[in-house]
Amino acid sequence: MQAMSPVQARSTFLIAPEGQWDSLWKACTEGAHPSDCFSFEEWGKAPGVKDIRAIRSFSGQQAVGGAKYIAIPQADKLSREVANALLKLLEEPPMGVHFVLFGETDRMLATVRSRVSLQNVGGGELSEERLIRFYQTLSAFDSPHLARKFLYYAPLLHATLQSDVILDAFQS
C-alpha cells in the first residue's frame with residue numbers, strides 16, 4: 001500500500017477498499033497533533049448535513065500543530081445535498097486545513113471531483129475503466145430487446161456519476 005504525504009493536496013480523494021481507510025488515515029495524519037485530526041468513529045456510514053456542519057465548525061478552530069486534517073468516509077456515497085454542503089468547504093478551504101475523502105469507487109458529483117486530487121491507492125475500479133470494459137462486451141449484442149435497453153441506458157451512462165448503478169441494471 002502506498003503511503004501518502006498529507007501535504008500533497010489540500011483536498012484529496014483516496015480510492016481504496018474500506019478496510020484500508022484507517023491505515024491510510026494514519027499515514028496521512030502521521031506526526032499531526034491528535035487535536036488537529038477529525039474523523040468519524042463509524043467509517044461505514046456516509047456523513048450527513050449535520051456532520052458537514054461539525055466539520056465546518058472544526059475547520060474554523062485554531063490548529064494546535066501546523067495543520068488540521070479532516071477525514072470524510074464514504075465520499076462516493078454522499079447524497080447530493082451533503083456533497084453540495086461539502087463543496088462550499090472544498091471551494092474555499094480554511095488555511096491549513098486538509099480534507100481527505102475516502103471511497104471505494106470514483107463516483108462523486110463532478111463539481112466536488114473537480115476540487116480534489118484523485119488517487120487510486122487500493123486498486124479500486126474506476127468508472128471509466130468499467131465503462132470501457134462494458135463497451136468492449138457489446139459485440140455480443142444480438143437481441144433486439146437488449147439493443148432497445150442499450151439505447152435507453154447509453155445517454156444515462158455518460159450523463160451521471162451513477163454509472164455503476166446503471167451498468168449493474170443493464171447487465172442484470
Side-chain angles (χ1 to χ4, degrees), residues 1-127 130 156 159-169:
M1 177 176 14
Q2 165 187 348
M4 182 203 128
S5 166
V7 293
Q8 284 184 348
R10 296 279 303 278
S11 302
T12 305
F13 181 32
L14 300 178
I15 300 171
E18 188 175 335
Q20 294 180 10
W21 296 351
D22 191 47
S23 60
L24 287 168
W25 175 242
K26 287 176 183 163
C28 291
T29 59
E30 187 176 349
H33 192 280
S35 299
D36 291 336
C37 301
F38 181 99
S39 66
F40 295 93
E41 289 181 25
E42 192 175 336
W43 287 92
K45 181 180 162 215
V49 172
K50 182 178 89 176
D51 298 317
I52 300 301
R53 286 189 202 116
I55 289 170
R56 185 174 287 121
S57 173
F58 177 81
S59 67
Q61 299 170 6
Q62 180 82 22
V64 174
K68 296 179 84 90
Y69 302 93
I70 299 172
I72 300 173
Q74 304 289 342
D76 55 340
K77 294 181 175 90
L78 296 176
S79 70
R80 183 172 295 277
E81 179 183 22
V82 172
N84 284 330
L86 178 61
L87 179 63
K88 293 175 185 174
L89 277 172
L90 296 176
E91 284 176 337
E92 297 177 24
M95 285 300 291
V97 175
H98 299 273
F99 292 94
V100 185
L101 290 73
F102 294 91
E104 293 184 298
T105 67
D106 64 341
R107 283 187 291 160
M108 183 182 287
L109 284 177
T111 52
V112 174
R113 270 185 79 179
S114 69
R115 286 160 178 83
V116 298
S117 168
L118 184 68
Q119 293 186 32
N120 188 358
V121 294
E125 184 176 53
L126 302 178
S127 295
R130 190 164 183 208
L156 296 175
T160 180
L161 292 171
Q162 299 299 321
S163 60
D164 289 340
V165 174
I166 293 168
L167 288 171
D168 288 341

Working to the nearest 0.5 Å, report the span between [atom1] of [X] and [atom2] of [Y].
{"X": "S11", "Y": "E91", "atom1": "OG", "atom2": "CD", "result": "11.0 Å"}
{"X": "K68", "Y": "F38", "atom1": "NZ", "atom2": "CZ", "result": "10.0 Å"}
{"X": "I70", "Y": "I55", "atom1": "CD1", "atom2": "CD1", "result": "6.0 Å"}
{"X": "R56", "Y": "D51", "atom1": "CZ", "atom2": "CG", "result": "12.0 Å"}
{"X": "R115", "Y": "L109", "atom1": "CZ", "atom2": "CG", "result": "10.5 Å"}

Taking all non-hydrogen atoms of both residues into account, name the closest pair between [X] and [Y] and its distance.
{"X": "A83", "Y": "V112", "result": "O-CG2, 3.7 Å"}
{"X": "D36", "Y": "V64", "result": "OD1-N, 2.8 Å"}
{"X": "A32", "Y": "Y69", "result": "CB-CE1, 3.5 Å"}
{"X": "P47", "Y": "P73", "result": "CD-O, 3.2 Å"}
{"X": "K77", "Y": "A46", "result": "O-CB, 4.0 Å"}

Is any side-chain heavy atom of [Y] closer than 4.5 Å to one of [X]?
{"X": "V97", "Y": "L89", "answer": "no"}
{"X": "W21", "Y": "Q74", "answer": "yes"}
{"X": "I72", "Y": "F99", "answer": "yes"}
{"X": "K45", "Y": "F40", "answer": "no"}
{"X": "I15", "Y": "D76", "answer": "no"}
{"X": "L14", "Y": "W25", "answer": "no"}
{"X": "L86", "Y": "L78", "answer": "yes"}

Aromatic plane relationship, F102 with W43 - under 30° parallel, 30 to 60° tilted, over 60° perpendicular: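 W43 vs F102 ring planes: perpendicular.
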Side-chain donor or acceptor of E104 paired with backbone N/O of E18 under 3.5 Å: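 It does hold such a pair.
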R10 side chain to L90 backbone, donor-acceptor under 3.5 Å: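 Judged by distance alone, no pair lies under 3.5 Å.
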Neighbour count >12 (heavy atoms, 6.0 Å) for atom CD, Q61: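 Buried by this count: over 12 neighbours within 6.0 Å.
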